[in-house]
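Down below is the structure, laid out as structure tokens.
Throughout, protein chains are lettered first and strands after them, A, B, ... in sequence-line order, and every chain is numbered starting at 1.
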Amino acid sequence: MNEYYQAQQVEDKWQRIWADLGCDQASDAPDDARPGYYCLVMFPYPSGNLHMGHVRNYCLGDAVARYKRMQGFNVLHPIGWDAFGLPAENAAIKHKRPPAEWTYANINQMRGQLKRLGLSYDWSREIATCHPDYYRWEQWMFTKLMEKGLAYQAEAEVNWCDPCHTVLANEQVVEGTCWRCDTPVIKKNLKQWFIRITDYAEELLADLDGLSCSDGGGWPEKVIGMQRNWIGKSKGTEVSFGLENSGETLDIFTTRPDTLMGVTYMAVAAAHPLAKKAAEGNSELTAFLDECSKISTKEADVETMEKKGMDTGFYAIHPISGGKIPVWVANFVLMGYGTGAVMSVPAHDQRDFEFAKKYGLNIKQVIAPVDGDWDIEAAAFTEAGILLNSANFDGLSSKEAKKSITEYLAENGKGSERVQYRLRDWLVSRQRYWGAPIPVIHCDDCGAVPVPENQLPVELPTDLQPTGGASPLTECESFKHADCPKCGKPAIRELDTFDTFMESSWYMNRYTSPRNQDAMVDAAAIAKWAPVDQYIGGVEHAVLHLLYARFYHKLMRDAGLFTSEQGGDEPFKNLLTQGMVLKDGSKMSKSKGNTVDPNAIIERFGADTARLFTLFAAPPEKELEWNDAAVEGAHRFLKRVWRLLEKLDGEPVDRDTEEDAAAVKALRLDIHATIKKVSHAFEHGFAFNVAIAALMELSNSLQAFEPQKEAGHAAFREGLQALAVMLIPFVPHFACEIGERLGMNNIAVLSDWPQVDETALVQDEITLVVQIQGKKRGEITLPKDAGQDDALAAAQSDVSIAKWLRDMQIVKVILVPGRLLNIVVRPQ
RNA sequence: GCCGGGAUGGCGGAACUGGUAGACGCACGGGACUUAAAAUCCCGAGAGCAUUGCGCUCGUGCGGGUUCGAUUCCCGCUCCCGGUACCA
């Protein structure tokens, strides 16, 4: 007799056994013939507590990793800590303890929680990004980028968050507010460090095509689309307008050079030099520019914002007609996109139209619809069409005109074809303490000098106490001062630290040789493991982390750390973005008070129940609604499987009947159909909810089965064993325990994934659904090799079907083998 | 506005390539066991109509279409979710 299922005991036992076996470790042994598979989950920020989002993420990853191991792969499934960042500083201020202490304590806490879940990580590869052995390579890389001119310092208008006391990258500004604290960001002109991601815009865009894959692999179209939009490539023409009484030019970018002859005014951003020049001695204009600079960038405000402008008094000279065109300042022109100036064609752009109407500016139509008329005073015509009022270009189509106008401008040195990206260089410096120091020394004579390799890492002092204002590094005399590596004179260290997205941009590659002291990564290890076969994490990183990591991977490749053949051009082959965990319809959050503590669930039901529920309740990419009752349901399922063991207790009864033989055959069909289904879920889209449902069905079949004689016992045992083995990826402790109690030769986690016995899938008899006019009217059972005539005859002799055929003429018969028979009739 | 995804019972969700709609689970109802309850097991269940039994009609957001047959394909909408934008 088996005692009842005690999760805690079972889980402790198997976690010890697995640790002793070392079965979760990826093997770098050269003689290991197994193919490699790299399964990666997004590493957590060590906030101190695991939340349900983590649990979901890591259970998904663990299911994949365990399945692949059972398939005979040598699996790399690592974990670590994204350990630098602002919350540590905020906690440090609150608790008056250095952030390092807080961070390492949290790591210890969370490591325990992950281990309690029984996740099959290779703990020997654990990394923490706040460790100098990690960030030294990031610093090294940065100095290489400086040498190549890919990292640079520049004064620019940047996003500043006051509460966070730091600048932010464009990607970290969400609807005009800080991604961390939701405070509206302020535009400031500051000297900051950038990395030239724009140099890689074209490759980052082009390689997205290779990530697109329709059969459930690759990346979700959604994420690809978001990145495409973010990079924002547009093709157009740069046009150089002259300025009256000046040698200068006013350059603009347009995607509609075909409308060039319709320009009636120019509009420049408030921050444009020309606007500033015009404002000198003009108090009214100065006040307007001031007003523009204070505009909130919040979406809601932007939408309702009135389009405003003022005449600068300057005139531009049309590059073709030579005509005078007034230059205005407009609050809707952005300094950060293109050249900060636009040509305005009110006849063919809705926004320009509204602006022209408001300020009484000319509207000149230069494009006519291909057919029909257009009242240009009523609305802008924004489609392509045929040119008019455009001198030599009259009669051309928009498409032809774009080409010939651009050619004409190029011949006259007034413009050229140009590609414009929305993407801007990555701002990587932060005015924060708890981050990797930027490895630069500022010398009065030599300027910004990279720290030489033999002086790396530039270690962050870990004993400083942040106070909430400026970074304590600015007052740390022992850190601040250094000799210039070039001339040896006393100099000052760079006091900013890196954006923490720098660390998470290359951790996937570091895991392949995490303890490497000689290089950032080992090319051989990269060749063995990279790129990541399956990456799993939250969709919130669609643009931020996933764009930076793609970029950084290419930077590493181009730094010669590995070749395309070794590490690929992309870091993540397949991406699964899991949905959020909800409670009562909204995202779990402390402020809403609707959080569910994973520890409480584990304590009450065990890790396996928590794992099973999170995988079963919804498909991975969809939102998961937390449901306490359904958690109990998951637990009940495990208890039911446990009780199946009891059915093997009795002695086999020797009773050989035909019914028994049929039941055995039916059970074996169930077993192997289930193996097929569950394997399919792993190979196509990770629909674990469906896979688990199939396993529940098998469990129900086993429960209904009465193992009567030897053959019955064997079939039952086969089924229960297959069930246990297939449960490994989802509830590994439980499955191992069942396997052991069944007397399996091998520990279940080390078993091979079960093979489908195709002969078991062959049925002697098949059930056909019979339809009349496409409506189900009955079922017939036939020998498996019966043809259409047999099927029709059987249908006609079935009472409940025959009544639909009475007085009817059969027009057509359709047989879908193994599925259905449809009879089309009409009245005689 | 644009891009992406979605709409199926009381709920979460299934349905291969056009072939039995609602698997599996939750909640619910009935029964067994029990002095009783919990636990467990068995049965039922889309809606409506009919009912002694057999049964019939409707039904996958809405309106059309293709087809022997449509949750699935095509055309036209509605609504919801996510992303993004004065992008020139």
Side-chain angles (χ1 to χ4, degrees), chain A residues 4 174-175 220-230 232-234 236 252-256 259 267 269 295 297 299 302-303 305 307 330-334 336-345 349-352 354-355 420-422 539-540 542-543 577 579-580 582 612-613 616-619 621-634 636-637 639-640 643 676-677 680 684 687 689-700 703-704 767-779 799-800 803 811-825:
Chain A
Y4 65 98
V174 182
E175 294 180 357
E221 282 307 317
K222 175 181 167 169
V223 176
I224 292 173
M226 284 166 73
Q227 292 215 356
R228 256 197 204 110
N229 285 341
W230 191 264
K233 179 181 182 175
S234 57
I252 59 95
F253 172 77
T254 180
T255 54
R256 291 295 302 272
T259 65
I295 289 165
T297 40
E299 186 182 16
V302 162
E303 281 202 345
M305 191 177 80
K307 290 171 184 42
N331 64 354
F332 61 81
V333 180
L334 304 176
Y337 185 78
T339 59
V342 297
M343 68 178 207
S344 293
V345 187
D349 180 278
Q350 193 54 34
R351 191 187 51 208
D352 294 347
E354 285 164 24
F355 193 84
Q420 175 74 38
Y421 297 94
R422 205 179 77 99
V539 73
E540 65 273 18
V543 174
T577 50
M580 283 190 300
L582 307 180
L612 185 66
F613 171 76
F616 175 63
E621 65 282 357
K622 267 191 98 164
E623 289 166 345
L624 183 151
E625 174 71 36
W626 190 265
N627 177 343
D628 288 321
V631 176
E632 288 189 46
R636 264 202 298 273
F637 167 67
K639 288 199 282 187
R640 274 201 298 274
R643 252 179 270 114
K676 204 168 186 173
K677 263 193 225 172
H680 184 266
H684 300 94
N689 56 326
V690 184
I692 292 167
L695 292 171
M696 287 174 169
E697 281 185 81
L698 178 57
S699 157
N700 290 345
Q703 178 136 20
T767 300
L768 279 187
V769 166
V770 180
Q771 295 184 338
I772 314 289
Q773 319 287 61
K775 283 189 181 178
K776 184 186 170 186
R777 296 301 181 194
E779 285 178 4
V799 187
S800 56
K803 71 178 183 192
V811 179
K812 195 173 176 183
V813 178
I814 296 123
L815 177 76
V816 181
R819 286 200 169 271
L820 68 81
L821 179 77
N822 189 15
I823 304 167
V824 185
V825 295

Worksheet item: Where the side chain of A:K803 is defined as all heavy atoms beyond and including C-beta, which of B:rA23, B:rC58, B:rC56 is the nearest nucleotide?
Response: B:rC56
Worksheet item: Taking any strand in view, what nucleotide pairs with B:rC73 in a Watson-Crick or G-U wobble way, both distances under 3.5 Å?
Response: B:rG65
Practice prompt. Write down the distance separating the P atoms in B:rC80 and B:rU66, rounded off to the nearest Å.
Written response: 32 Å
Discussion item. Rounded at 0.5 Å granularity, tell me how far CZ in A:R256 sits from CG in A:D352.
Written reply: 11.0 Å
Item to complete: Report yes if at least one side-chain N or O of A:K222 is closer than 4.0 Å to OP1 or OP2 of B:rG5; otherwise report no.
Response: no
Discussion item. From C-beta outward on A:M696, which listed nucleotide comes closest to its side chain: B:rG19, B:rG13, B:rC24?
Written reply: B:rC24
Worksheet item: Mind checking the P distance from B:rG63 to B:rU78? Whole angstroms is fine.
Response: 15 Å
Fill in: Distance below 4.0 Å between A:R636 side-chain N/O and B:rG25 OP1 or OP2
no
Worksheet entry | A:K622 side-chain N/O to B:rG13 phosphate OP1/OP2 under 4.0 Å | yes
Worksheet item: Which of these nucleotides, B:rA88, B:rG19, B:rG4, is closest to any side-chain atom of A:S234?
Response: B:rA88
Discussion item. If you assign A:W230 and A:T255 each to the RNA chain B nucleotide with the nearest heavy atom, which residue ends up on the more 5' nucleotide?
Written reply: A:W230
Discussion item. Please classify the nucleic acid contact of A:F616 as base, sugar-phosphate, or nothing, using heavy-atom distances under 4.0 Å.
Written reply: base
Worksheet item: From the list B:rG19, B:rA23, B:rC41, which nucleotide is the closest neighbour of the side chain of A:Q703?
Response: B:rC41
Response to the item:
Checking B:rU57, B:rG13, B:rA88 against the side chain of A:R777 (C-beta onward), the nearest is B:rU57
Discussion item. By the 4.0 Å heavy-atom rule, please label A:G225 as base, sugar-phosphate, or nothing.
Written reply: nothing
Practice prompt. Working to the nearest 0.5 Å, report the span between CG of A:L582 and CD of A:E623.
Written response: 4.5 Å
Worksheet entry | Candidate nucleotides B:rG19, B:rC24, B:rG83, ranked by approach to the side chain of A:M226 - the nearest | B:rG83
Worksheet item: So, is A:R351 close to the B:rA85 phosphate, meaning a side-chain N or O under 4.0 Å from OP1 or OP2?
Response: no
Discussion item. Using atom C1' in both nucleotides, what's the gap between B:rG22 and B:rA15 to the nearest angstrom?
Written reply: 9 Å
Worksheet item: When we call it a touch if two heavy atoms are under 4.0 Å apart, what does A:Q771 touch: a base, just sugar-phosphate, or nothing?
Response: base
Item to complete: Classify the glycosidic conformation of B:rG9 as syn or anti, calling it syn when the angle lies within 90° of 0.
Response: syn
Discussion item. If you only use heavy atoms from C-beta on, which nucleotide in B:rA88, B:rC58, B:rC87 is closest to the side chain of A:T254?
Written reply: B:rA88
Item to complete: Take atom P in B:rG10 and the same atom in B:rC49, then report the distance between them in whole Å.
Response: 15 Å
Item to complete: Report the distance from atom NZ of A:K775 to atom P of B:rA70, rounded to the nearest whole Å.
Response: 10 Å
Worksheet item: Base, sugar-phosphate, or nothing: which does A:V769 touch, judged by heavy atoms less than 4.0 Å apart?
Response: base
Item to complete: With the side chain counted from C-beta on, respond yes when A:V769 and A:R819 share a heavy-atom pair under 4.5 Å apart, and no when they do not.
Response: no
Discussion item. By the 4.0 Å heavy-atom rule, please label A:E779 as base, sugar-phosphate, or nothing.
Written reply: base
Discussion item. Under 4.0 Å, counting only non-hydrogen atoms across every strand here, what does A:N700 touch: a base, just sugar-phosphate, or nothing?
Written reply: sugar-phosphate
Discussion item. Using atom P in both nucleotides, what's the gap between B:rC54 and B:rG6 to the nearest angstrom?
Written reply: 41 Å
Worksheet item: When rounded to the nearest Å, what value does the distance between C1' atoms of B:rC68 and B:rC75 take?
Response: 23 Å
Worksheet item: Is there a side-chain contact between A:E779 and A:L768, using heavy atoms and a 4.5 Å cut-off?
Response: no
Discussion item. Taking only side-chain N and O atoms of A:R643, does any of them lie within less than 4.0 angstrom of OP1 or OP2 on B:rC41?
Written reply: yes
Item to complete: Searching all strands shown, indicate the nucleotide that pairs with B:rG48 (Watson-Crick or G-U wobble; both distances under 3.5 Å).
Response: B:rC56
Worksheet item: Would you call A:V539 and A:K222 a side-chain contact if the rule is heavy atoms closer than 4.5 Å?
Response: yes
Discussion item. Could you check whether any side-chain heavy atom of A:Q771 comes within less than 4.5 Å of a side-chain heavy atom of A:I814, counting everything from C-beta outward?
Written reply: no
Worksheet item: Which one is paired to B:rG25, where only Watson-Crick or G-U wobble pairs with both distances under 3.5 angstrom count?
Response: B:rC11
Item to complete: Could you let me know what B:rC79 is paired to, Watson-Crick or G-U wobble, both distances under 3.5 Å, or none if it's on its own?
Response: B:rG6
Fill in: Nucleotide paired to B:rG18 in any strand shown, Watson-Crick or G-U, under 3.5 Å
none
Worksheet item: Does a side-chain N or O from A:K639 land closer than 4.0 Å to OP1 or OP2 of B:rC41, or not?
Response: no
Worksheet item: In the strands shown, is B:rU34 matched to any nucleotide by a Watson-Crick or G-U wobble pair with both distances under 3.5 Å, and which?
Response: none
Item to complete: Respond yes when some side-chain nitrogen or oxygen of A:N689 is under 4.0 Å from OP1 or OP2 of B:rG12, and no when none is.
Response: no
Practice prompt. Run the ring-centre check on A:F355 versus A:F332 and record whether the distance is less than 6.0 Å.
Written response: yes
Discussion item. Please give the distance between the P atoms of B:rU51 and B:rU67 as a whole number of Å.
Written reply: 40 Å
Practice prompt. Sticking with atom P, work out how far B:rA23 lies from B:rU8, rounded to a whole angstrom.
Written response: 16 Å
Worksheet item: When rounded to the nearest 0.5 angstrom, what is the spacing between CD1 in A:I823 and CD in A:Q773?
Response: 9.5 Å
Worksheet item: Starting at the 5' end of RNA chain B and moving along, which residue's nearest nucleotide shows up first, A:K812 or A:K776?
Response: A:K776
Practice prompt. Have a look at A:L695 and say if it touches a base, only the backbone sugar-phosphate, or nothing, with a 4.0 Å heavy-atom cut-off.
Written response: nothing
Worksheet, complete the sentence: Rounded to whole Å, NE2 of A:H680 lies from C1' of B:rC16 at a distance of 7 Å
Discussion item. Heavy atoms from C-beta onward define the side chain here; which of B:rG19, B:rC41, B:rG12 lies closest to that of A:N822?
Written reply: B:rG19
Discussion item. What contact category does A:V770 fall into here, base, sugar-phosphate, or nothing, at under 4.0 angstrom with non-hydrogen atoms?
Written reply: nothing
Item to complete: Look at all strands and tell whether A:P619 reaches a base, only sugar-phosphate, or nothing, counting heavy atoms closer than 4.0 Å.
Response: sugar-phosphate
Worksheet item: With a 4.5 Å heavy-atom cut-off, do A:L815 and A:V813 have their side chains touching?
Response: no
